[in-house]
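Below is one structure; the comments refer to it alone.
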Amino acid sequence: MGRHEWNADARRWRLTALLGVGLVALALVITLVNTLPGDTGSTAGTTPDGDKVHGTPAVPPGDARPQVGWGFTHTQYSADEGEDKAVERVRTELADQGRPLPQIQHIMGWGAGNPEPVKGRYDFSAMDRRMDFVRESDGVPVVTLCCAPDWMKGGEPGADKTDWSKRSLETAPDRAHYKDFAELAATVAKRYPDVRHFVVWNEFKGFWNDEKGRWDYEGYTELYNLVYKALKKVDKDIMVGGPYLVMNSVDPRQTEGVAKEPRGRWGRMDQRIIDAFDHWNKYKAGADFVVVDGSSYTADDELLPDEFRATEKFTDVGKWVRERTGDLPLWWAEYYVEPGDDRDNRDDWSEAHRVAVQATGLMAMVRGGATSGFYWNPQKRGTKCAGCLWSATQLRDGGAELPMLRLIGRFGKEFGPGTTYAKVSVAADDRPNVRVLADDRAVLVVNTLDRRISAKVDGRRFDMAGYEVKWLKR
């Protein structure tokens, strides 16, 4: 009896051992499946066919133009997620603007995941969702080719190894991986064939040369040229632009390290920015449009001589860039008129004040020759969101259009690419207090004072509330 019991225990032991071996073998198979030869990174959730066309892209226009108009950039939180009704509300509002709004999405960060966690293995799930939203809201999709997967910049490969710290995200790819990044750009272009406009990198992130105390403009230009050629190989009609430099300025009284031009009451330009721009402009393989970004305030957060007149910087810098590039179409990828705090929050102004200065900034960009500009949407999930385009879609009653979206939508509708601007009369005593922009159909008027005024514009007299933005039909 005891022997029989021993045999039973032995059988159970052998069965347990076999199950254990089986589980170990299964784990090994899963590990082998999720790990490429020579790599230690997990490929869970990735596919090898990143260049497979996603969804049902809109048919791209046969005569794609380098100007796209006025729109916004999707950031960490956007309207592709949230309560269904709120998401649908935003989709409808964007589609009903009267003209398709261009919308930028980055390939990594700002709402998108790591697109290539391991070389040759792709995860575009988050990017796909954003692109679906742009399509469903009848937007014009634009892609910023930033940032780079970890393995391209000295980090570990693997779907579970992405370092999302700001320091890591804003690291440029190693020179040895420039071609890999260009190949990734080509993969993105093949996946989303309705994207006809690509911006190469973002603000020279990671391209600072500590040893020389200046921008590594040689490195950026080398990367740009490889990406430019890779995209043109996918489709010669794809539009590519750069260098997306931050046009930093300092106090106008500063004399050390500043450029002779451009300059104005708003300040003087950092010479290192000019040097970087000139190098890219001289050695670029080509460009269909030129991209810059910047703020109307100085590097020390000074609005000179005040917040409204500080926007003249956009005009002066724009004219300088256009002259330097032979009048390439000019884009402002980002533009800021209100200094942020140490967390980059901008919520010290009332919404009326903010919209008035933003409208003045848009006018200034137009006067500098810009045909396209993108508002950096500071979307959050809470009930308070200064300067947001819509209320948070995570709220049941969210997705409501906010004043900044109304401004950008109307501005894009009235003053899109190809607009012929017209002069408009303003009463002499009103000129210091109002800003105007007009074509043959509409006039945009901004009251720069925080009090009620009576203004005479385009032969008509009317009252305006403090910081009011008014549209007139002609």
Side-chain angles (χ1 to χ4, degrees), residues 70-95 97 101-113 125-127 129-134 136-137 139 142 144 146-147 162 164-170 202-203 205 293 295 297 301 307 332-359 361-362 373-409 467:
W70 307 90
F72 66 92
T73 296
H74 291 279
T75 52
Q76 182 177 1
Y77 303 114
S78 196
D80 56 311
E81 293 183 295
E83 296 288 328
D84 290 344
K85 289 184 178 179
V87 169
E88 182 57 33
R89 195 172 292 125
V90 178
R91 284 199 197 104
T92 301
E93 289 162 354
L94 293 176
Q97 291 299 317
L101 278 179
Q103 303 174 34
I104 286 182
Q105 177 59 50
H106 291 60
I107 63 169
M108 180 174 176
W110 298 284
S125 54
M127 183 82 175
R129 187 175 62 248
R130 285 285 173 93
M131 294 304 295
D132 287 341
F133 179 83
V134 175
E136 292 164 2
S137 60
V142 178
T144 294
C146 184
C147 292
T162 301
W164 287 108
S165 67
K166 182 178 180 180
R167 180 176 181 179
S168 175
L169 182 64
E170 296 186 354
N202 174 305
E203 295 187 330
K205 286 178 167 62
D293 88 344
S295 60
Y297 45 87
D301 291 343
E307 70 271 38
W332 284 88
E334 302 173 41
Y335 51 91
Y336 301 95
V337 299
E338 179 183 4
D341 61 17
D342 56 356
R343 293 187 176 183
D344 207 31
N345 292 319
R346 295 170 174 81
D347 52 11
D348 287 342
W349 294 351
S350 69
E351 203 67 13
H353 188 185
R354 179 174 297 109
V355 172
V357 185
Q358 285 282 349
L362 288 167
F374 294 85
Y375 180 71
W376 190 269
N377 186 18
Q379 201 64 47
K380 297 178 182 178
R381 289 184 168 179
T383 55
K384 294 182 179 180
C385 189
C388 287
L389 299 180
W390 52 77
S391 57
T393 51
Q394 285 70 31
L395 306 175
R396 286 189 177 183
D397 59 348
E401 180 184 59
L402 297 176
M404 274 306 305
L405 179 55
R406 286 195 288 273
L407 170 64
I408 292 170
Y467 295 140

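All values reported here derive from a predicted model rather than from experimental measurement. Numbers for residues simply follow the sequence, beginning at 1.
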Could you label the plane-to-plane angle of the Phe133 and Trp390 rings as parallel, tilted or perpendicular, counting under 30° as parallel and over 60° as perpendicular?
tilted

Quick one: are Leu407 and Leu362 in side-chain contact, heavy atoms under 4.5 Å?
yes

Return the CG to SG distance between Leu169 and Cys147, rounded to the nearest 0.5 Å.
4.0 Å

Pairs meeting criterion salt bridge (Lys or Arg N to Asp or Glu O under 4.0 Å) with involvement of residues 380-409, two or more places apart
Glu401-Arg406

Quick one: are Val134 and Gln105 in side-chain contact, heavy atoms under 4.5 Å?
no

Step by step, would you call Glu88 with Lys85 a salt bridge (charged side-chain N to carboxylate O under 4.0 Å, His left out)?
CA-CA 5 Å; Glu88 182 57 33; Lys85 289 184 178 179; over 6 Å; no

Any donor and acceptor pair, going by atom type alone, linking the side chain of Arg346 with main-chain N or O of Arg354 inside 3.5 Å?
no

Counting C-beta onward and ignoring hydrogens, is there a side-chain heavy-atom pair between Gln379 and Ser78 closer than 4.5 Å?
no

State, with a plain yes or no, whether a side-chain heavy atom of Tyr77 is found less than 4.5 Å away from one of Gln394.
no

Here the gap from His353 atom NE2 to Asp348 atom CG, rounded to the nearest 0.5 Å, amounts to 10.5 Å

Side chains of Leu402 and Met404: closer than 4.5 Å at any heavy-atom pair?
no

Answer whether the closest heavy-atom distance between the side chains of Val337 and Glu307 falls below 4.5 Å.
no

Say you draw a straight line from CD of Glu338 to OH of Tyr297; how long is it, rounded to the nearest 0.5 Å?
8.5 Å

So, Gln103 versus Ser137: side-chain donor-acceptor pair below 3.5 Å or not?
yes

Any idea which heavy atoms bring Ala386 and Pro378 closest together, and the distance?
O-CG, 3.5 Å

May I ask you to test the Leu101-Leu405 pair for a side-chain heavy-atom distance under 4.5 Å?
yes

Return the minimal non-hydrogen interatomic distance between Pro403 and Val355, and the atom names on each side.
CB-CG2, 3.8 Å

Tightest non-hydrogen contact, residues Tyr335 and Gln358, listed as CE1-OE1, 3.2 Å

Exam field: side chain Thr73 to backbone Phe374, donor-acceptor pair closer than 3.5 Å
no

Nearest-0.5 Å distance, NE2 of residue His74 to OG1 of residue Thr144:
11.5 Å

How long is the straight-line distance from CZ of Arg91 back to OG1 of Thr393, given to the nearest 0.5 Å?
10.0 Å

Would you find more than 12 non-hydrogen atoms of other residues, nucleotides or ligands less than 6.0 Å from Asp341 atom CG?
yes

Kindly state whether the ring of Trp349 and the ring of Tyr467 have centres lying under 6.0 angstrom apart.
no

Report the distance from atom CZ of Phe72 to atom CH2 of Trp376, rounding to the nearest 0.5 Å.
12.5 Å

Testing the basics here: between Asp80 and Arg129, what is the closest heavy-atom pair and its distance to 0.1 Å?
OD2-NE, 2.8 Å

What pair of heavy atoms forms the shortest contact from Gly113 to Ala126, and how long is it?
N-CB, 3.7 Å

Heavy-atom closest pair (Gln97 atom, Gly409 atom, distance to 0.1 Å) is OE1-CA, 3.1 Å

With a 4.5 Å cut-off on side-chain heavy atoms, are Leu389 and Glu93 touching?
no

